[in-house]
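Report on the structure given below.
Note on naming: letters A, B, ... go to the chains in the order of the sequence lines (proteins, then strands), and numbering restarts at 1 for each one. No experiment lies behind these values; they were computed from the predicted model shown.
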Amino acid sequence: MDARPFSSKEGVVLDVKPLRSLAPMFPAPLGFNTTFTSSGATPFVCVSPIGALSSTGGELPPFPPYFASPNAGAQPAKYGTPAANGSYDGVVRPSVFQTPERAEFSDTYLDDDSEFYVHTSTSGRKIRRPKRFSGNHMDDSEAEGSDWKKPKQRKKPHKIKDLSSICPSSLDPRESVEGVLMTFDALRRRLVQLDEVTDASKRADLKAGAIMLANDLRANMGKRIGLVPGVEIGDIFYFRIEMCVVGLHAPSMAGIDYMTTRVGDVDETAAISIVSAGGYENEEGDVNFLVYTGQGGGGASKHSEKKQVDDQKLERGNLALEKSFQRGSLVRVIRSAKDSNCITGKIYIYDGLYKVQESWTEKGKAGFNVFKYKLFRELGQPEGITVWKRTEEWKLNPSSRGRVILPDISSGMENIPVCLVNEVDDVKGPSHFTYATRVKYLKPISSLRPLQGCRCLSVCLPGDTSCSCARQNGGSLPYSSSGLLVSRKAMIYECNNSCACTANCRNRQTQKGVKIHFEVFRTKDRGWGLRSWDPIRAGSFICEYTGEVEDKVEFDEDSDEDQYIFQAIYVDEKTLNWNHGPELLGDPSISQSEIFKPLPIIINAKNVGNISRFMNHSCSPNVFWQPVLHDHSEEEYPHIMFFAIKHIPPMTELTFDYGSSDGNGMDFFATTREPKRCLCSSPKCRGVFG
DNA sequence: GCAGGTTCACCGGC
DNA sequence: CGCCGGTGAACCTG
């Protein structure tokens with residue numbers, strides 16, 4: 001999945017392909033060679049080579065002066081004209097808006113990420129941040145006192161000093177974005193766990209979001225038109241706040257994000273992004289266009305009556321979309337899809353850049369005026385929602401999947417068929433092996449120690465101090481109510497046969513087999529790989545590493561046997577960072593040894609195995625392994641269960657870090673394996689693995 | 001289905 | 001002008 005070169009998707013696609021159409025009317029990301037200033041004398045100064053431009057007034061120019069590109073003055077930038085000094089390649093090179101905040105950030109999170117910190121005013125008049133989230137005012141003492149509104153005695157987000165340990169700064173925007181999301185979700189999962197016990201008010205997403213914002217743990221602050229560095233088309237989100245903290249779509253509720261800037265005496269406004277979430281009467285037929293309904297008129301969620309109570313007005317987001325239409329500027333589109341696995345039933349998918357092609361008003365169902373905007377997707381972008389439409393179809397009708405070699409490689413052994421496809425070459429399938437959904441112990445596990453069982457009736461519940469399984473897991477159940485792993489641990493103890501609880505108990509996530517539509521597919525250069533038709537949420541159980549449990553590694557030098565051998569001797573950095581975040585709540589930080597202990601277990605999947613034997617290595621993986629016990633108590637021979645590190649869109653290859661024998665990282669044993677050249681093409685690739 | 005809760009833009013005061 | 005505080009709108013989530 002992360003086997004993408006630096007700034008891959010945008011960069012590669014936009015650079016190489018004739019993607020002129022993607023050159024934005026507003027030069028690339030807003031802020032490109034444009035300095036916003038908060039000093040009132042000259043609200044907007046264009047520092048392009050051409051020099052400052054003044055407002056033309058009157059009709060809307062294709063390039064409003066405040067969005068002017070370097071070549072805008074000399075020759076009016078036409079649609080498709082690449083920006084002069086470096087083209088529009090998806091890598092943001094905006095000028096830096098020097099703010100006090102900027103200085104403040106510089107030694108904390110995104111340290112040299114000035115490029116990605118374009119702090120712009122959305123009003124043009126004022127540039128400020130809400131006091132309660134301003135680092136300048138967020139001394140503990142001060143925040144405690146006056147400003148923080150307290151209609152409810154809500155806990156104020158805890159601001160900590162050293163953020164580097166939690167979310168290390170990175171020059172790679174993708175890494176920054178992923179780090180922010182990973183921290184957010186770790187925080188959110190932990191808050192869910194805490195809330196369940198105290199029965200406190202819910203909305204862990206908002207709590208986690210508030211803490212992230214209070215600590216400036218976010219990427220791409222400031223609004224920009226066009227692509228967002230580090231956020232790739234096709235990325236998925238489970239909460240609106242997630243899109244907020246990575247700078248994709250700022251409003252926590254509103255569907256239209258826009259910015260207003262002041263040019264001379266006039267306010268100019270432009271839409272930035274829209275979320276098509278189904279609250280209004282939108283048509284979502286074709287994947288290439290979208291009819292979006294304007295906001296206002298009381299037609300949306302707020303009031304329970306779904307009926308409008310008033311005409312929509314040409315203001316705010318509606319006005320912004322209208323202006324974007326007139327200028328032909330690009331608008332990011334986030335579409336939503338149903339997901340039954342998710343409690344909210346909804347996932348947000350970033351579908352890339354669109355342009356408004358029509359706008360009109362019509363009478364809504366309640367007889368009031370509504371604004372309608374028809375947006376078309378820009379050509380040549382990576383696939384977004386298209387992938388979903390395809391996989392949805394496959395799930396309904398598996399025979400519609402083309403290039404299938406085998407409809408079910410597990411021959412009915414898995415809960416859901418695993419199809420085998422090759423869209424790359426003529427290879428007819430992997431070499432022979434026996435499919436097995438469980439590990440085979442060549443020597444019987446000596447279960448001398450009897451399994452402990454809890455006495456919970458029906459299901460184990462959080463906060464039940466009498467649950468021995470919860471105690472064994474350190475006091476709380478390891479999974480959230482939606483079944484997500486809360487944090488990585490040295491060992492997870494699931495409920496077992498001796499427990500009184502039923503199979504519906506949440507502490508039995510991994511023992512019931514896979515719940516995901518997998519496919520084994522032919523990669524271009526790394527043999528077979530594994531991916532999913534379903535979206536996979538961070539913390540979800542994916543599958544077990546099955547095979548034959550051996551005593552020692554034995555393989556011929558010439559054989560490829562070792563590529564099917566799993567050893568629990570290495571854990572990658574990302575795995576260790578996975579738990580980071582709860583420190584922001586004041587939780588003690590977890591030491592590496594608490595998360596990871598090397599284990600003697602060796603699993604050989606050469607002759608016997610399941611889908612996980614097809615999972616390739618990556619130095620930037622999206623999956624990690626976690627030891628779990630559920631049917632015996634041999635701590636040194638646990639089940640090896642895979643979980644998602646982050647949200648994984650459908651059809652993204654699943655990879656984990658095989659480890660390395662170069663002595664770096666967390667390699668606890670010297671291995672005899674021959675290192676192999678790594679082809680993961682991650683920016684952090686170590687070059688070899690195994 | 002309702003309601004508690006959030007952010008941000010906007011506006012007015014100093 | 002810039003800072004501060006209040007207010008209201010908004011395709012949220014449980």
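Put simply, CD1 on A:I256 is 7 Å from P on C:dC11, counting in whole angstrom units.
DNA chain B contains the following stems of three or more consecutive Watson-Crick or G-U pairs, with both distances under 3.5 Å: B:2-4 with C:12-14, B:6-14 with C:2-10.
Among B:dG4, B:dT7, C:dA10, the nucleotide with an atom closest to any side-chain atom of A:R203 is B:dG4. Nearest to the side-chain atoms of A:S252 among the listed nucleotides C:dC12, B:dT6, B:dC8 stands B:dT6. With distances taken from any side-chain atom of A:A210 to the nucleotides B:dT7, C:dA10, C:dT13, the minimum falls on B:dT7. The listed nucleotides are C:dG14, C:dC11, B:dC10; the one nearest the side chain of A:F239 is C:dG14. Listed nucleotides C:dC12, C:dA9, C:dT13 differ in distance to A:R316; the shortest reach to its side chain belongs to C:dA9. For A:K223, the side-chain atoms get nearest to B:dA9 when compared with the rest of B:dT6, B:dA9, B:dT7.
Residues A:R224 and A:M259 have side chains not in contact (no heavy-atom distance under 4.5 Å, counting atoms from C-beta outward). Counting only heavy atoms from C-beta outward, the side chains of A:S481 and A:E196 approach each other to under 4.5 Å.
For the residue pair A:K313 / A:N318, no side-chain donor-acceptor distance below 3.5 Å is found, with atom types taken as modelled.
Under the ring pair (Phe, Tyr, Trp, His ring centres under 6.0 Å) criterion, A:W578 pairs with A:F624, sequence neighbours left out.
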